[in-house]
Amino acid sequence: MFRSRSKSSDDTRSLLELLYHVSREVATALDLRTVLQRVLFEAMRNVGGERASIVVLDDNGKPIDATIVYGQQFHEHTTQQLRDTVERGLAGWVVTNRKPALVANTTQDNRWLRRPDDSTEKTGAKSAISVPLLAREKLVGVLTLVHSIPNAFNEEHLELMQAIADQAGVAVLNARLYTESQRQARVMTALAESAAAINTSLRMEEVLQRILNQAMQALQVETAAVALTDSQTGELVFRAAAGQNAGNIINRRVPAGKGLIGLVAREGRGLVISSVNADKRFTDADRFGGIKTRAVAAAPIQTQTGVIGVIEAINPVSGTFDPDALLVMTGLGSLAGTTIQNAQFYERLDAAHARYRELFEDSIDPILITDWNGKILEANRQAVQLSGLTDEELRAQTIDQLHDVNWARVGQKFEFLRGNEPGSYESSLRQKSGGSVPVEVHVRRVEFEQSDAIQWLLRDITERKDLDALREDLISMIYHDLRSPLANIVSSIEVLSNLLGKSDTQVLSILEIASNSTARIQRLVDSLLDLNRLEAGQPVVDQKVVDPIALVQQAFNDVSPSAEGRRQNLVSKLPECLPLLWVDSGMVHRVLVNLLENAIKFTPTEGNIEVGAQRDGEWLQLWVQDNGPGIPLADRERIFNKFTRLRGKNKRGGLGVGLAFCRLAVQGHGGRIWVESEDGKGTTFRFTLPLANPQQIVTTPVS
């Protein structure tokens, strides 16, 4: 009895010493492989067996690592071997049931996964023990011992094996977590270093080369390549490559959705293929001349808008990709996406700046760029040539030293321009020689060389000014030199009309035609004279109370011969009662005649021309309406400019001063004039004139 207790105590003491030894061995290491090797050696030394293995599981029960020992030698394993063992072998049964297993004879137990080596001619029947490694109720692995002799293991061996496994479980879990943290740290370090290296440039070629360098360094592969999506065709085009036979990859085009990179781009997630020969996803689209692909890893190049390309790594130098290869590739793809997109934006911006610079220098007009203090920052060749100043001399000036700035158009301190309102006005450019050049200034806010600035375009209008002066001289000569002889002609016609008897109707008819024609010439000369005065800013002074109905009647009388010649109808839409006007009757009469003659000119034969009026507060609004071809929208403001004439189909010639006079005459009275028109449906000219006395009404009908 005493001996039995003594033997039991000795066994307990031996077991405790064993567990203490095992605990000390596995606790002094954090590297997962070292821990696994020590656990296996302790198991084989204390339990027995000729072969041992330990499979490490992740939190989802998937095998992530393993160590196999034959005698004193460690053997490599493949991912497929791990998968088969855990899915179908004895270790798989232990994982599923979370129980230890004792196999006395492997040939008689279905839980044993038979391999070719287990045949009778080779190793034959064996015995095995497999126990779960548990840590905090979490299954972290499976420990297995194999003896070459059947029935070599018994229940005591099983209990001892489970005791060792229980002692080693926490150490394996800690080692696994430590290894994972170390791996993640290495990945994060690699990605951080990659980010720092990749983001040091915005030049596309440099960016792509840096991405490839980081991929080759992080994954230790023979070749790396980057393919970007062609926005027009959807194809993936290899824009850059590095490593062995890289020249055979660049500019290679892969149709959308084809090959591995097409799959990665479509699904937006990376993949690692350890052996391309055993994977049907690897097709001819993935092969490159001069490169025998064995293994490949690929990841999408991601941006916020989606996948813009694929990064690919080919043939790891060690023969197999590290477990972190996919994580590293995915991280590189994300980093590359942002950097490549920034480089693309930079390329577009750089190209836009280059185009602007080209247009800036090659412009036929002088262009200057200033800051918001007016200091000249840039000047093109034309500005240097027109001003006579050197580029350095221009940069030493402010824009208001070069020409008189119209502050009413740009705002004090350029506040109108700050509100993105462009300005235009005429001024004079001061030259170095002391002279000046008339210029038309167009100014607006721009972005120049990545800074907020003001662009000043100074168009030389010397020729236009000379032409305007020539026109003015010609007009001055016409209305000054024609007035005297024209007055003599009018007087002579009146004398002849009085000398002839009423019976000589044929001659009187000819004299009436001459009288009407000279009246038209006289109105034109008077309009030119008034036009010149009004443009000079002289006010309308000869205003008096005028009957608007009488004005319309007189205008009808003056234009009726022309209307009758074209068989057109002059229609009055005047109301019976109208207030009196306070106007220059001669000037307003010519406004009506000009508008009526304009309507007659553009109205088709047998068309209608209508004159109407209505009171508008302290003003009288009159209008002249025709049913001609109408005026295009783009020309409705331009037609009031001096010497402007509409050209093209159904357009008539003329001096282009009639409507310009009408506008100035109406504005000289304080009123306004505008046009309403619709293509093919006629035109209506409307204008307003001041009333003399709102209570004074005339009722004279128009015949």
Side-chain angles (χ1 to χ4, degrees), residues 475 478-479 482-483 486-487 489-490 493 512-534 540 542-544 546-566 568-574 578 581 583-603 607-613 620-626 628 639-640 642 644-645 652-669 671 673-675 683-689 700 702-703:
I475 291 170
I478 289 173
Y479 65 66
L482 286 183
R483 290 194 77 190
L486 184 59
I489 293 172
V490 172
I493 291 174
E512 185 178 1
I513 294 172
S515 178
N516 290 334
S517 298
T518 54
R520 289 191 63 188
I521 297 173
Q522 195 165 26
R523 286 196 300 272
L524 176 59
V525 171
D526 289 341
S527 295
L528 289 172
L529 182 60
D530 287 337
L531 191 64
N532 190 55
R533 287 203 306 262
L534 291 168
V540 177
D542 192 17
Q543 288 180 258
K544 57 184 178 182
V546 177
D547 178 359
I549 297 177
L551 280 176
V552 174
Q553 181 66 68
Q554 184 181 355
F556 271 15
N557 292 337
D558 288 340
V559 302
S560 58
S562 298
E564 289 171 0
R566 294 175 59 83
Q568 295 168 337
N569 302 312
L570 297 175
V571 180
S572 172
K573 292 292 185 178
L574 298 179
L578 283 176
L581 299 174
V583 295
D584 181 325
S585 60
M587 197 175 287
V588 174
H589 170 255
R590 276 183 270 117
V591 169
L592 282 167
V593 170
N594 278 334
L595 294 177
L596 286 168
E597 287 181 341
N598 194 66
I600 290 170
K601 187 189 302 183
F602 288 96
T603 299
N608 295 320
I609 299 166
E610 176 186 303
V611 176
L620 181 68
Q621 183 187 130
L622 295 99
W623 63 84
V624 177
Q625 180 179 333
D626 63 49
I639 57 174
F640 290 108
K642 191 167 62 172
T644 297
R645 291 166 296 182
R652 305 290 187 268
L655 288 177
V657 296
L659 291 177
F661 163 75
C662 291
R663 184 187 65 175
L664 289 173
V666 171
Q667 290 177 348
H669 284 84
I673 184 170
W674 68 97
V675 62
T683 301
T684 302
F685 283 91
R686 297 179 181 272
F687 61 99
T688 59
L689 295 171
T700 308
V702 177
S703 60

Between Leu551 and His589, what is the shortest heavy-atom contact and its length? CD2-CB, 4.2 Å
Minimal non-hydrogen separation, Phe661 against Arg590, with atom names: CZ-NH1, 3.1 Å
With sequence neighbours left out, write down each residue that passes salt bridge (Lys or Arg N to Asp or Glu O under 4.0 Å) with Glu597, or none if nothing qualifies. Arg520, Arg523
Do Leu570 and Val559 have side-chain heavy atoms sitting under 4.5 Å apart? yes
Would you please name every residue forming a side-chain hydrogen bond (donor to acceptor under 3.5 Å, both in side chains) with Gln543, sequence neighbours left out? none
Would Asn557 and Gln553 count as a side-chain hydrogen bond (donor to acceptor under 3.5 Å, both in side chains) here? Give the steps. CA-CA 6 Å; Asn557 292 337; Gln553 181 66 68; 3.3 Å; yes
Between Gln568 and Thr603, is there a donor-acceptor pair closer than 3.5 Å when you use the side chain of the first and the backbone of the second? yes
Please report the closest heavy-atom contact between Ser585 and Lys544, naming both atoms and the distance. OG-CE, 3.6 Å
Rounded at 0.5 Å granularity, tell me how far CD1 in Ile600 sits from CD1 in Ile609. 4.5 Å
Over all heavy atoms of both residues, which pair between Ala613 and Leu620 is shortest? Give the atoms and the distance, please. CB-CD1, 4.3 Å
State which residues pass salt bridge (Lys or Arg N to Asp or Glu O under 4.0 Å) with Asp584; sequence neighbours excluded, sorted by chain then number. none
Listed by chain and number, what are the side chain to side chain contact (heavy atoms under 4.5 Å, CB included) partners of Val666, not counting sequence neighbours? Val591, Ile673, Phe687
For Asp626 and Thr683, indicate whether the former's side chain and the latter's backbone hold a donor-acceptor pair under 3.5 Å. yes
Between Val552 and Leu592, is any pair of side-chain heavy atoms under 4.5 Å apart? yes
Minimum heavy-atom separation for Pro548 and Leu578, please, with both atom names. CG-CB, 4.1 Å
Could you tell me which non-hydrogen atom of Asn594 sits nearest to which non-hydrogen atom of Gly658, and how far apart they are? ND2-O, 3.8 Å
Validation row: Gln625, Lys573 side chains within 4.5 angstrom (heavy atoms): no
What residues, two or more places apart in sequence or in another chain, satisfy side-chain hydrogen bond (donor to acceptor under 3.5 Å, both in side chains) together with Arg686? Gln621, Glu676
Could you pull out all residues at least two apart from Asn598 that satisfy side chain to side chain contact (heavy atoms under 4.5 Å, CB included)? Phe602, Phe685
